[in-house]
Amino acid sequence: MIEEFVLTGFPGGHLIHAAMATILLPVYLVTLAGNTFIIVIICMDSRLHYPMYFFLVCLSFMEILGISAVMCKLFAILISAQSTISKNGCMIQSYIYFFLSSSDFLLLSVMSIDRYVAVCYLLRYYSIMRRNLCIKLVVSCFFISFVCLLPPTIMIAQLPFCHHVLDHFFCDNRAMVKLICVSDISLLNLSSLIGSVFILIVPLIITSVSYILIVSEVIRLPSDTGHQKTFSTCVSHFTMVSIVFGSALFIKIRPSGNYSIAIDKTVNLTSTTLAPLLNPFIYTLRNQKVKDCIRDSVKKRRLL
């Protein structure tokens, strides 16, 4: 009975680990500060109390929790070499990370629908995207993630493990499955496949269809100014979609014959840190309304 795992983290000695921690710590702090700033500025300024910004607050909140679920243990490994984690703690970390990642996929698809309604049904936008509907959509994202991830997580927790050395920097499901002693894990694979369809493939299809419809609608607009204004409202969201879905698809669709834990570690670390880090910059630097609210807030503080 294995009651704890040893996370190998990244190869290298103390100097390499110290250098990684020196780079990742500012990234983590900037991510926390940037996403917290987005939440605060949207909640405090009534000009931003609209569906798109409500979804953005939820996204920023999930980014904070998601990166914290992984980075706190990674810093313990890099700085103090505390690489052990209990089996229950490992399962909890794994579930929280993948729950938030799955909710991210679903929420981004919801945001693409919001952009589609804003572009194609502009005059009816606020009557369609009512507050109650927005709340229900976000709750649905959490509920679908919870239901899809619970069965495979329970199965993994109940299966016996032959080894306790987990070759990863966090409790990744794919790395944990390699330690399972049972040869027939077809039910676990089926459960994971069904979950992946609902939390990755379906949101990707919804997002793709939404942007195809948006582009077809924009092409029909009479002026170049209309084209530019419409694309400016969607390009920030499309950038985030490309980063999040691109890294997930790379890990999921890559043939098992080309599987490399080193590549998986690199891609996971990049996606875990890059998307939350860029989120505040993508949605603020390209959004004139948010920039105006920030500018007005700074002016008010100077007057005080």
Side-chain angles (χ1 to χ4, degrees), residues 5 7-12 16-17 19-28 30-31 35 59 62-78 83 85 90 93-109 145 148-149 152-153 156 165-179 189 192-193 195-197 199-204 207-208 237-279 281-282:
F5 293 103
L7 299 172
T8 60
F10 291 92
I16 294 177
H17 287 178
M20 289 185 66
T22 304
I23 295 171
L24 290 174
L25 183 59
V27 170
Y28 177 61
V30 170
T31 300
N35 284 281
L59 182 66
M62 287 191 292
E63 300 287 22
I64 291 173
L65 295 181
I67 192 173
S68 298
V70 173
M71 297 303 289
C72 292
K73 184 58 183 178
L74 179 57
F75 285 133
I77 296 173
L78 295 176
S83 57
I85 182 171
C90 196
Q93 185 198 47
S94 175
Y95 187 81
I96 291 175
Y97 173 78
F98 287 106
F99 170 77
L100 293 170
S101 299
S102 303
S103 301
D104 258 4
F105 299 143
L106 294 163
L107 184 58
L108 286 171
S109 68
S145 297
C148 289
L149 289 173
T153 303
I156 292 174
V165 178
L166 192 62
D167 192 7
H168 218 294
F169 64 90
F170 79 105
C171 296
D172 179 63
N173 281 349
R174 198 165 182 177
M176 292 173 66
V177 169
K178 288 185 172 294
L179 304 181
N189 291 333
S192 300
L193 178 63
S196 297
V197 169
I199 61 182
L200 181 60
I201 304 302
V202 172
L204 180 60
T207 303
S208 302
H237 178 255
F238 185 76
T239 303
M240 184 60 63
V241 165
S242 301
I243 295 172
V244 173
F245 280 97
S247 57
L249 287 173
F250 176 82
I251 293 175
K252 288 286 184 182
I253 297 179
R254 185 158 48 94
S256 58
N258 297 331
Y259 178 77
S260 169
I261 191 63
I263 295 177
D264 265 16
K265 287 181 184 181
T266 304
V267 175
N268 272 319
L269 182 62
T270 303
S271 62
T272 301
T273 56
L274 186 63
L277 175 66
L278 295 180
N279 180 46
F281 301 100
I282 290 174

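Only this structure's heavy atoms are used, side chains among them; waters, hydrogens and symmetry mates stay out.
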Can you tell me how far apart CD1 (Ile96) and CG (Leu149) are? Round to the nearest 0.5 Å.
12.0 Å
Smallest heavy-atom separation, Met240 atom then Ala275 atom, equals CE-O, 3.6 Å
Closest non-hydrogen atoms of Gln93 and Cys171, given as atom of the first, atom of the second and distance, are OE1-N, 2.9 Å
Considering residues at least two apart in sequence or located in another chain, which fulfil the side chain to side chain donor-acceptor pair (under 3.5 Å) criterion with Ser109?
none
Working to the nearest 0.5 Å, report the span between CG of Asp172 and CG of Asn268.
5.5 Å
Sequence neighbours excluded, the answer for side chain to side chain donor-acceptor pair (under 3.5 Å) partners of Asn173 is Ser94
Drop me the distance from Met176's CE to His168's NE2, to the nearest 0.5 angstrom.
11.5 Å
Output for pair (Leu107 CG, Leu100 CG), nearest 0.5 Å, gives 11.5 Å
Going by side-chain contact (heavy atoms from CB on, under 4.5 Å), name the residues that satisfy it together with Ser196, two or more places apart in sequence or in a different chain.
Lys252
Between Ala248 and Leu200, which heavy-atom pair has the shortest distance, and what is it?
CB-CD1, 4.0 Å
Rounding to 0.5 Å, atoms CG (Leu269) and CE (Met20) come to a distance of 6.0 Å
What one should report as the nearest heavy-atom pair of Val27 and Thr273 is CG1-CB, 4.2 Å
Tell me every residue that passes side-chain contact (heavy atoms from CB on, under 4.5 Å) with Ala21, counting only those two or more places apart in sequence or in another chain.
Leu78, Ile79
If I compare all heavy atoms of Ile77 with all of Ser83, which pair ends up nearest, and what's the gap?
CG1-CA, 4.0 Å
Please set out all donor-acceptor pairs under 3.5 angstrom arising from side-chain atoms of residues 65-75, sequence neighbours excluded.
| unit_1 | atom_1 | unit_2 | atom_2 | d |
| --- | --- | --- | --- | --- |
| Ser68 | OG | Tyr28 | OH | 2.9 |
| Ser68 | OG | Ile64 | O | 2.7 |
| Lys73 | NZ | Gln82 | O | 2.9 |
| Lys73 | NZ | Thr84 | O | 2.7 |

Smallest separation among heavy atoms of Ser102 and Ile199, with atom names:
OG-CD1, 3.1 Å
Tell me every residue that passes side-chain contact (heavy atoms from CB on, under 4.5 Å) with Thr8, counting only those two or more places apart in sequence or in another chain.
Val165, Asp167, Lys265
Any residue meeting disulfide (SG to SG under 2.5 Å) with Cys148, in chain and number order, not counting sequence neighbours:
none
The side-chain contact (heavy atoms from CB on, under 4.5 Å) partners of Thr266 (sequence neighbours excluded) come to Thr270
Does some side-chain heavy atom of Thr153 sit less than 4.5 Å from a side-chain heavy atom of Phe99?
no
My understanding is that only residues two or more places apart in sequence, or in another chain, count here; which of them pass side chain to side chain donor-acceptor pair (under 3.5 Å) with Thr272?
Tyr97
Could you tell me which residues satisfy ring-ring contact (aromatic ring centres under 6.0 Å, His included) with Phe169, sequence neighbours excluded, listed by chain and number?
Phe10
Partners of Asn279 by side chain to side chain donor-acceptor pair (under 3.5 Å), sequence neighbours excluded?
Asn35, Ser60
Gap separating the OG1 atom of Thr31 from the CZ atom of Phe281, nearest 0.5 angstrom:
8.0 Å
